[in-house]
Amino acid sequence: MNKIAIIGAGPAGIEAAATLAAQQIEVDLYEQGERPLCNIRDKAFLFPNFAEAREVADRLTAKLDNPRIHLHANSDVDHLTESGDGRWIVNGETYDRVLITTGYRTFDAHRKEELGYGIYRGVHTSLEMEQMLREGKIVNANGDVPQRIAFLQCVGSRDEKTGNLYCSKLCCVTAVKQAIEVRKLIPDAEIFIFYMDLRMWGQHYEELYRQAQQEYGIRFVRGRISEAGGTYDGRVQIKSEDTLMGLPLKITTDLLVLMVGMEPSEGTRKLAEQCRICGDYGFAASADPHLDDNRTTHRGLYVAGACKRPMTLTDAVNDGRSAAVCLMGE
Amino acid sequence: MNKFGFQISRPRSINMDLSDDGRREQLLEEVPSYRLCIGCGGCTATCSAGQFTNFNIRRSHTALACNQTEGLAAQLDSCMLCGKCMLVCPRGVNLRGLIIRMRQMLGRV
Ligand code: SF4
Ligand code: SF4
Ligand code: SF4
């Protein structure tokens, strides 16, 4: 059988490796970090059913427990090049087929300076909020329990100023999920979500939105936050417009949570460029987004998961499995 | 005529059936980036003039685009053309250009 390498041990990479190994195919799985699935292990609970992220990650990781899967942790893939005879060289090793599953990174909120991230202590990213939720303890800049929390959608997405015109697809439902979790931890807090559009496209997302209104008393404000400043006592002063009222709005909160979007990871950018499969915004491009979404324009080179575009865990897992099937058939 | 103490009320709804006078199309032609506006309110949120007067930049350009121009010219006078709104607009709308054109259309310049 041919030699196969998968680059990136996220949901897509792991599922692809497990699918191949189940068919008695040997796989080298490269992972730049120490452990697989760091993006999932970062989370507390997963939308829309509040499954425990670590438990899901453990179940996925267990699939690597197969003698045919050779996990190379701490192995950054610096060079992926064509060998000339239709094969691919990964860090000096030659493979017949290579699957890229290098995933995403979150938008660096420092780039939206007007929102005060890294300047005012009450401003956090959704990743940091996730960490607080994981620890079950939410605190404001002074270490107290916050009484008023605002979430802001579309940070680093749908924004010409950052060059990211696309919608990151997951932050809307993530904000609703996080707001509900915050409510469970702090029953009497005031919780606001500032949005431009709420994109509840997935199964049970819209119901989660309804629940947020009906059971959890989350308040939705239709307006973008233009700027945030700090107060002397560590709170955050926010300027927005209530576009439904047609009036400028200001509000002081204990925390402002920026829902940061998804961008191609460093690895995705680097490999897409090296292999000349650059898609939009540095993501990797497949051969055809409708009917050939795992092959690329190069023979023997495949792509799956969030290295192509923002994608949910479910979609990434399914896409990894689909890539494995595609790869086996050739 | 008005001796009964009542008069016919003018409808307050936006009547999309009445042909507009082409101002919206003219505005879009002259400031093409305005097509991209998603009504997010970022411009109004950041506008200093809007904090102290009844001028609301998002509402103003929306109003002109649906031909609701009553009182609009006077509201637009509050704009200082500082351009702050353009710094925050996520769609890159040329708001300053838009305001100048709106003023011209309403006979203010
Ligand atoms: S999913 Fe929602 S918050 Fe995220 S970019 Fe799209 S519209 Fe904005
Ligand atoms: S900030 Fe831009 S997109 Fe938002 S309402 Fe103003 S002009 Fe429209
Ligand atoms: S240019 Fe006019 S509308 Fe824009 S922020 Fe300045 S005063 Fe407000």
Side-chain angles (χ1 to χ4, degrees), chain A residues 107 109 111-116 150-168 171-172 192-199 220-229 236-253 256 258-261, chain B residues 12-14 31-72 74-76 78-80 82-99 102:
Chain A
F107 173 79
R111 288 177 57 201
K112 291 296 287 178
E113 203 180 329
E114 66 271 33
L115 297 174
F151 291 85
L152 172 61
Q153 308 281 46
C154 305
V155 177
S157 313
R158 308 180 64 197
D159 183 4
E160 275 206 358
K161 301 294 191 295
T162 62
N164 294 341
L165 301 189
Y166 59 94
C167 160
S168 287
C171 7
C172 269
F192 300 86
I193 295 181
F194 287 82
Y195 70 97
M196 304 199 285
D197 301 282
L198 279 175
R199 298 192 162 159
F220 292 84
V221 184
R222 199 207 170 261
R224 188 179 169 86
I225 293 175
S226 66
E227 55 214 280
V236 189
Q237 206 162 45
I238 291 167
K239 279 168 77 174
S240 179
E241 183 194 2
D242 186 326
T243 57
L244 302 181
M245 274 304 294
L247 285 173
L249 168 158
K250 69 175 187 204
I251 180 173
T252 311
T253 64
L256 170 62
L258 308 177
M259 303 308 298
V260 283
Chain B
R12 285 194 69 250
S13 54
I14 297 170
V31 190
S33 57
Y34 184 44
R35 286 179 196 278
L36 293 171
C37 173
I38 47 173
C40 70
C43 47
T44 293
T46 205
C47 172
S48 313
Q51 305 287 327
F52 302 105
T53 68
N54 66 351
F55 165 61
N56 175 330
I57 171 61
R58 181 199 53 76
R59 206 170 169 283
S60 296
H61 58 64
T62 312
L64 191 106
C66 57
N67 215 18
Q68 302 292 302
T69 50
E70 205 181 296
L72 192 57
Q75 287 168 26
L76 284 174
S78 300
C79 169
M80 306 168 287
C82 68
K84 221 174 133 195
C85 46
M86 294 173 66
L87 292 177
V88 302
C89 176
R91 285 300 186 95
V93 175
N94 175 7
L95 282 146
R96 211 157 27 183
L98 196 66
I99 294 158
M102 282 172 30

Next item on the list: Determine the option with the most heavy-atom pairs under 4.5 angstrom with chain A, choosing from B:Cys43, B:Cys85, B:Gly42.
Entry: B:Gly42

Check: Who passes ring-ring contact (aromatic ring centres under 6.0 Å, His included) against B:Tyr34, sequence neighbours left out?
Finding: B:His61

Notebook entry, point to check: For A:Phe220, what residues pass the ring-ring contact (aromatic ring centres under 6.0 Å, His included) criterion, not counting sequence neighbours?
Noted result: A:Tyr209

Notebook entry, point to check: Minimum heavy-atom separation for B:Met86 to B:Val93, with atom names?
Noted result: CG-O, 3.9 Å

Check: Are side-chain N/O atoms of B:Ser33 and B:Asn94 paired as donor and acceptor at under 3.5 Å?
Finding: no

Next item on the list: Measure distances from B:Leu36 to the heavy atoms of chain A and classify the residue's part below 4.5 Å as side chain, backbone, both or neither.
Entry: side chain

Next item on the list: Answer with side chain, backbone, both or neither: which region of A:Leu247 has an atom nearer than 4.5 Å to a non-hydrogen atom of chain B?
Entry: backbone

Checklist line | Most contacts with chain B, counted as non-hydrogen pairs under 4.5 angstrom, among A:Lys239, A:Lys250, A:Lys112 | finding: A:Lys239

